[in-house]
There are 2 protein chains.
Amino acid sequence: MKRETLKNWQSVRKEVLNRIHSRQWKPGELIPNEADLAQEFGCARSTVNRALQNLADDGLLDRRRKAGTRVAMHPVRKATMSIPVIRNEIIARGSAYGYDLISSERSTPPPHVAALMGLAPRAGVIHIVCVHSADDTPYVIEDRWISSDWVSPDDMVNFANLSPNEWLVTHVPFTAGDIAFSAISAGAFEAALLGCELGAASFVIDRTTRNNERTITTVRLIFAPGYRIDTEI
Amino acid sequence: MKRETLKNWQSVRKEVLNRIHSRQWKPGELIPNEADLAQEFGCARSTVNRALQNLADDGLLDRRRKAGTRVAMHPVRKATMSIPVIRNEIIARGSAYGYDLISSERSTPPPHVAALMGLAPRAGVIHIVCVHSADDTPYVIEDRWISSDWVSPDDMVNFANLSPNEWLVTHVPFTAGDIAFSAISAGAFEAALLGCELGAASFVIDRTTRNNERTITTVRLIFAPGYRIDTEI
DNA sequence: TAGTGGTCTAGACCACCCG
DNA sequence: GGGTGGTCTAGACCACTAG
């Protein structure tokens, strides 16, 4: 059987992936170096390099200088999920988007929020609670704290019609953030806003975002029972 | 102010990121083309290309031929989380790992499993329920169905001491999969195995993996209440 | 159809680190 | 020390698509 030359990095990637999946190259095994593969495939070394780097990024290969490239022992599969603006998520589902501001006030942060955001006890913060709905059914509660450094007084008015989620995305750039996923039982507060039973299991996302070490905002999203987030690997 | 030349793609990436974060280049705005940036930075176009492609992969730039490169309107941040072997996850937390096989039997799939896995009603499947624990406290229930095509009879014995989670990772290669995250209220079954109260909110991961269109296994992981999964963006 | 990003090439040098 | 991956370069051609 004669092998045609592989001229682009995607096809090289595919061929290497085949050899891994077919166990021609087994987990932990050393594969030929870039120069040899380039010769075999009839392409430049940089093309092979691009393909192998891409596979290493995906966690399927372990690469080290001098040691060479090995098939990953435990293919560290990474689930990646995009974090869209809530309004877009609801619209993408084909539902009508609704938004209700529940409360909005300037104050000082309670201890757990001050700790989470790394703020002084007397720092100024804005606390906003609102509900996003899909086809008039509550979809998620947005319970957010924003360091007041980032919000001018005029902006407060906006939150009556524009969710802080969306406002922040378009007005305040961030450089890093933490995300946590968990589950909680709906208390009286959540049950009332989501229109669900007391104790129902809700999916929760906690997110804190920063701009160069300065915390901008921390938010808890409490989804209506039944919510699920899908992705592929 | 004189700019020093940026010679590697990481520093170009960093500089571009700076301009985005400082709003010198605002969301939706067109940035200079690769050739111009290369000249400004004093490096080759391919170096700029590498940096910009990397940023586009991260969702911070939108690039289209002829149309040019724009700062993403809504920085589509992607949370990526690695999916480790449960035993390693528990050990990484510094806890002692424990494993208990609850049940293991060959049968035919119930309708919802057959549908999920795309199997015939009379196909052979293996149903395994087991519990992983950390420091003798139940950590997660693994409720798994495996198409019997992938398991020889001898392997059944193994599951007494080795979790199917771990066995599959090291013995059966997969090419793709779906993952879903959700929350459920613990029923009698879950409460008994996890040692939690009836109705407690549990974090759930459903995962189905395939090898070239043939489904290998589907699993539901039901975590003990309080579990949370952390990641960064 | 012209301008932009996408990619390949051949060669080169370097950084790392296993033996 | 020497082999390996990591990266840069300059040039070239191609693919796509907005105007």
Side-chain angles (χ1 to χ4, degrees), chain A residues 3-20 24-73 75-76, chain B residues 3-20 24-73 75-76:
Chain A
R3 173 171 310 290
E4 58 197 308
T5 60
L6 306 176
K7 293 251 161 191
N8 52 5
W9 71 268
Q10 292 95 333
S11 60
V12 171
R13 187 198 133 102
K14 194 179 300 183
E15 172 60 20
V16 171
L17 208 48
N18 264 338
R19 297 189 185 184
I20 293 174
Q24 177 177 341
W25 290 339
K26 300 186 184 62
E29 199 172 300
L30 199 63
I31 76 174
N33 68 32
E34 295 185 348
D36 289 349
L37 286 176
Q39 187 167 24
E40 180 191 346
F41 294 148
C43 66
R45 178 167 83 94
S46 33
T47 304
V48 173
N49 180 281
R50 173 106 194 239
L52 298 189
Q53 267 192 25
N54 184 285
L55 287 168
D57 283 345
D58 290 352
L60 280 89
L61 292 177
D62 285 334
R63 321 191 74 204
R64 287 203 326 259
R65 286 164 151 121
K66 166 69 181 179
T69 300
R70 294 175 180 280
V71 179
M73 200 65 95
V76 179
Chain B
R3 174 171 311 291
E4 59 197 309
T5 60
L6 305 176
K7 293 250 161 193
N8 52 6
W9 72 268
Q10 292 95 335
S11 60
V12 171
R13 187 198 133 101
K14 194 180 300 181
E15 171 61 20
V16 171
L17 208 47
N18 264 339
R19 297 188 184 184
I20 295 173
Q24 179 177 342
W25 290 338
K26 300 186 183 61
E29 200 172 300
L30 198 63
I31 77 174
N33 68 31
E34 295 185 349
D36 290 348
L37 286 176
Q39 187 166 22
E40 180 191 347
F41 294 148
C43 65
R45 179 168 82 95
S46 27
T47 304
V48 173
N49 180 279
R50 174 104 194 240
L52 297 189
Q53 267 194 25
N54 185 286
L55 287 168
D57 282 345
D58 289 352
L60 279 87
L61 292 178
D62 285 334
R63 321 190 74 204
R64 285 198 338 254
R65 286 162 151 128
K66 165 73 177 179
T69 299
R70 293 175 180 279
V71 178
M73 202 65 97
V76 180

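Just so you know, these numbers come straight off a predicted model, no measurement behind them. Every heavy atom of this structure was used, including side-chain atoms; hydrogens, water molecules and symmetry mates were not. Letters go in sequence order (proteins before strands), and every chain restarts at 1.
Residue pairs meeting the salt bridge (charged side-chain N to carboxylate O under 4.0 Å, His left out) criterion with at least one partner in residues 59-72 of chain A, sequence neighbours excluded, are A:Glu34-A:Arg63.
With sequence neighbours left out, A:Asp57 forms a salt bridge (charged side-chain N to carboxylate O under 4.0 Å, His left out) with no residue at all. Evaluation of the side chain to side chain contact (heavy atoms under 4.5 Å, CB included) rule for B:Gln39 yields no partner, not counting sequence neighbours. Residues satisfying the side chain to side chain contact (heavy atoms under 4.5 Å, CB included) criterion with B:Gln24, sequence neighbours excluded, are B:Arg19, B:Ser22. Listed by chain and residue number, A:Glu15 satisfy the side chain to side chain contact (heavy atoms under 4.5 Å, CB included) test with A:Asn18 (two or more places apart in sequence, or in another chain). Under the side chain to side chain contact (heavy atoms under 4.5 Å, CB included) criterion, B:Ala35 pairs with B:Asn33, not counting sequence neighbours. Shown here are the side-chain hydrogen bond (donor to acceptor under 3.5 Å, both in side chains) partners of B:Asp58, two or more places apart in sequence or in another chain: B:Arg13.
Regarding B:Asp36, its CG atom lies at a distance of 12 Å from the C1' atom of C:dG3, rounded to whole Å. Note: CG (A:Asp57) to P (D:dG5) measures 15 Å, nearest angstrom. Regarding B:Asn33, its CG atom lies at a distance of 15 Å from the C1' atom of D:dA18, rounded to whole Å. Atom CD1 of B:Ile31 is separated from atom P of C:dG3 by 19 Å (rounded to the nearest Å).
Between its opening and closing five pairs, the helix from C:dT1-D:dA18 to C:dC18-D:dG1 changes axis direction by 10°, a value rounded to 10 degrees.
Interatomic distance, B:Leu52 CG to B:Leu60 CG, rounded to the nearest 0.5 Å: 11.5 Å.
Contact annotation: B:Arg63 side-chain N/O to C:dG6 OP1/OP2 distance is under 4.0 Å.
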- Just by protein heavy atoms under 4.0 Å, how would nucleotides 7-16 of chain D read 5' to 3' in B, S and -? BSBB-B--BB
